[in-house]
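Below is one structure, written out as structure tokens, with a few remarks after it.
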Protein chains: 2
Amino acid sequence: MAATLHDVARVAGVSFKTVSNVINHHPHVRDTTRAKVEKAIAELGYRPNLTARSLRSGHTGAITLALPQLRLPYFAELADAVIEAAAKRGLVVLIEQTGADRKRELEVMASPRLKMSDGLIFSPLALGQEDADLIKADVPIVLLGERIFDSSSDHVTMQNVPAARAATEHLLDLGRKRIAVVGAHEGEVIGSAGLRLRGYREALEARGIPYDDGIVAYVVDWHRSNGAAAMHDLLDRGVSFDAVFGLNDTLAQGAVRVLQEAGYRVPDDVAVIGFDDLDETRYTLPTLSTVDPGRTEIAETAIRMLLERIKDPAGTPPREVETAFRVVARESTMGSAAGAA
Amino acid sequence: MAATLHDVARVAGVSFKTVSNVINHHPHVRDTTRAKVEKAIAELGYRPNLTARSLRSGHTGAITLALPQLRLPYFAELADAVIEAAAKRGLVVLIEQTGADRKRELEVMASPRLKMSDGLIFSPLALGQEDADLIKADVPIVLLGERIFDSSSDHVTMQNVPAARAATEHLLDLGRKRIAVVGAHEGEVIGSAGLRLRGYREALEARGIPYDDGIVAYVVDWHRSNGAAAMHDLLDRGVSFDAVFGLNDTLAQGAVRVLQEAGYRVPDDVAVIGFDDLDETRYTLPTLSTVDPGRTEIAETAIRMLLERIKDPAGTPPREVETAFRVVARESTMGSAAGAA
DNA sequence: CTGCGATTTTACAACGTTGAATCGATATCT
DNA sequence: AGATATCGATTCAACGTTGTAAAATCGCAG
């Protein structure tokens, strides 16, 4: 059986509260008693019972991270970054997968399990702007992503519009004129797809290039297979283009695959850029140009804001933070324009 | 402030223990009082305090999963599977990243945080067979992977030798004669690399083909970039081969990339098979043949064994389970042999 | 060696829950 | 009718920790 404060106290010949004082570095403990107690702790291999400590103190030292699915590489890398950032502050991370299911996203906030942690970092995918009022729980929440703005929670997000604009400008700067889009969402205005499409349109507009819906391919989800399907769709339409903006990296990879199968050279015939800077984009053929949305900064900001909110729940009004981004040019956009699809 | 049993009891006009009985579906509660209590629970939005429950009951309803890094796709998919399997049993999962660092792997087992969960599923990468005796903690452990066998813990592993043998035989069955290996570990006997290389050798031996160390490329880590480096190494050696066995999928992908850059066609000139059946292998060009090591089964078996061990820690001697595997033939091994590198 | 302030240690009461034991009140049996 | 189950609800004591407040010990001046 695990040793308790009482066991240590008995061995050391002091009261259990003195042992507690030693462990918590209470100032008024005589050196000789501290030594006695530490000897007893070592002897018994005592470890504090964190559950009891949590009950008494009201906080657990854990946070919950709720996201759609770890098998989606973007979320795996996000989770990696959040766990690292949390570890730096001595926190552990409890992961809940929602499967992008509306019901499960709501359950995460309502579940009593949430109280096994001190706060929630929540990346919803099914809930949207119309659900802003439902974002609440009995621990502080930091929202991630582009689904919901102006809720009553703190929010960390990437700069989708400017970043997508920069990605598009990167292609335009290479001399590409007809930039197809892979992965738009029908009728979406906010949300990653809507915002990135807006950035794309802004870039075109700034150069006086008319927007052409004929080279924009719509998908339902951002899964790998859909990038391929969207590119098939574009090729079937018989439209011409000399570049592709994949609204995320997996879509872009699917699109590259279909282009190559169809005999187009990337980037010679068609330049391709993605979005997210997944690790794997460094190892595809060709390597994929993309936008680094500042994942580490997102994770660290989220942790920092959550801790501030835990310490002082009603301190400041909800904050909205946008992280820095960076266009990463790789092989898929190297070299000059040649022909087109 | 969150409502407690006492608050509910006051509102319902019963003792707090009766409220507890209602919540725990204790049989002897009159329907009318149950209704009263349920009304009060709803009215106050009462949620049980799981920390207090844990302290009292001695278990938490959480398990810890310790793995190297979520940014490695294999581990992301493993974590996904473990979380799903745990969710089916009503458990939450707390993730610790060790970064494949020996010190952190040992810390995970020694940390008092581990007691915030009821058990540990541990996939070590730095600890090895010589550390078998160090695998212990004050919660039950289920070990995953190929680093350590015959410890005093339960262990779930894939059938590395037979699966690698089957992958090699798949290539041989296509008529390939000279099968290069990418990703061997110098001097390793057990461990994923050592075991898979053994399976490869067994397959050759069974067909009377001599083993040739000249077409085996060694690497230090199984990171993406190393598959590429290993293939460069093979090409530099000037040896000829008509197939490649990548000891995992990311290595195989790196190898494919280099082969394509060098002008070889996959699979026409060189057939390639990987190992792990990562989601992404379905969307590369060409799609990558691989071995499905039974990840879902690994996760579910690990959870089941852990729960059994939690219920009855000393019940049975440590168990060793191997999951079923399956060769998945995709484009990278389709068609017949042509020429070679 | 007594008294007093400062330092060190201890006793006690929580935190919110569940299990064991208890106590009344009905219902059941002889 | 009286003894005995059975059901329903309650009381009490834990689980292991920390904060508060009181008690014990110490050092030192008078």
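Reminder, nothing fancy here: chain letters follow the sequence lines and each chain counts from 1. Heavy atoms only: backbone and side chains are in, while hydrogens, waters and symmetry mates are out.
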Describe, as an angle rounded to 10 degrees, how the axis at the first end of the helix from C/dC1-D/dG30 to C/dT30-D/dA1 is tilted relative to the axis at the last end, five pairs per end. 70°
How close or far is atom [atom2] of [N] from atom [atom1] of [X], stated in whole angstroms?
X	N	atom1	atom2	result
B/F16	D/dG8	CZ	P	20 Å
B/K115	D/dT17	NZ	P	10 Å
A/R56	D/dC15	CZ	C1'	14 Å
B/H26	C/dG19	NE2	P	10 Å
B/H25	C/dT18	NE2	C1'	15 Å
B/R34	D/dC7	CZ	P	14 Å
A/H59	D/dT18	NE2	P	10 Å
A/H6	C/dA11	NE2	P	10 Å

Over all strands shown, is [X] touching base, sugar-phosphate only, or nothing at heavy-atom distances under 4.0 angstrom?
X	result
A/T33	sugar-phosphate
B/S54	nothing
A/N24	sugar-phosphate

Quick one: on DNA chain D, does B/S57 or B/P27 contact a more 5' nucleotide (nearest heavy atom)? B/P27
Starting from the 5' end of DNA chain D, give me the residue, B/G13 or A/Y46, whose nearest nucleotide shows up first. B/G13
Ignoring hydrogens and angles, tell me if any N or O in the side chain of B/R34 forms a donor-acceptor pair with the backbone of B/H25 under 3.5 Å.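 No; zero donor-acceptor contacts below 3.5 Å.
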Among [options], find the nucleotide with the atom closest to the side chain of [X].
X	options	value
A/R30	C/dT8, C/dT18, D/dT17	C/dT8
A/L55	C/dC15, D/dC7, D/dT10	C/dC15
A/A52	C/dT9, C/dT17, D/dG16	D/dG16

Checking only heavy atoms, does the side chain of A/K17 share a donor-acceptor pair with the base of D/dG19 at less than 3.5 Å? yes
When you check the phosphate oxygens OP1 and OP2 of [N], does a side-chain N or O of [X] lie under 4.0 Å from one of them?
X	N	result
A/S20	D/dT17	no
A/T18	C/dT10	yes
A/T4	D/dG16	no
A/R53	D/dT18	yes

Run the side chain to side chain contact (heavy atoms under 4.5 Å, CB included) check on B/V93 and B/I83 step by step: do they pass? CA-CA 6 Å; B/V93 178; B/I83 293 172; 4.0 Å; yes
Heavy-atom nearest pair, B/A86 first then B/I303, reads CB-CD1, 3.8 Å
For B/N49 against B/T51, the heavy-atom pair lying closest together: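 Closest pair (atom of B/N49, atom of B/T51, distance): OD1-N, 2.8 Å.
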Cationic N near anionic O, under 4.0 Å, B/R319 to B/D154: yes
Does this structure show an ion pair linking B/K88 with B/E300, if we count only N-O contacts that are shorter than 4.0 Å?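 B/E300 and B/K88: salt-bridged.
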Please enumerate all residues that pass ring pair (Phe, Tyr, Trp, His ring centres under 6.0 Å) together with B/H6, with sequence neighbours excluded.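 B/H6: ring pair (Phe, Tyr, Trp, His ring centres under 6.0 Å) contacts with B/F16.
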Could you tabulate the donor-acceptor pairs under 3.5 Å formed by side-chain atoms of residues 120-134 of chain A, not counting sequence neighbours?
residue: A/Q129; atom: OE1; partner: A/F149; partner atom: N; Å: 2.9
residue: A/Q129; atom: NE2; partner: A/F149; partner atom: O; Å: 2.8
residue: A/D131; atom: OD1; partner: A/R102; partner atom: NH1; Å: 3.1
residue: A/D131; atom: OD1; partner: A/R102; partner atom: NH2; Å: 3.3
residue: A/D131; atom: OD2; partner: A/R102; partner atom: NH1; Å: 3.0
residue: A/D131; atom: OD2; partner: A/G128; partner atom: N; Å: 2.9

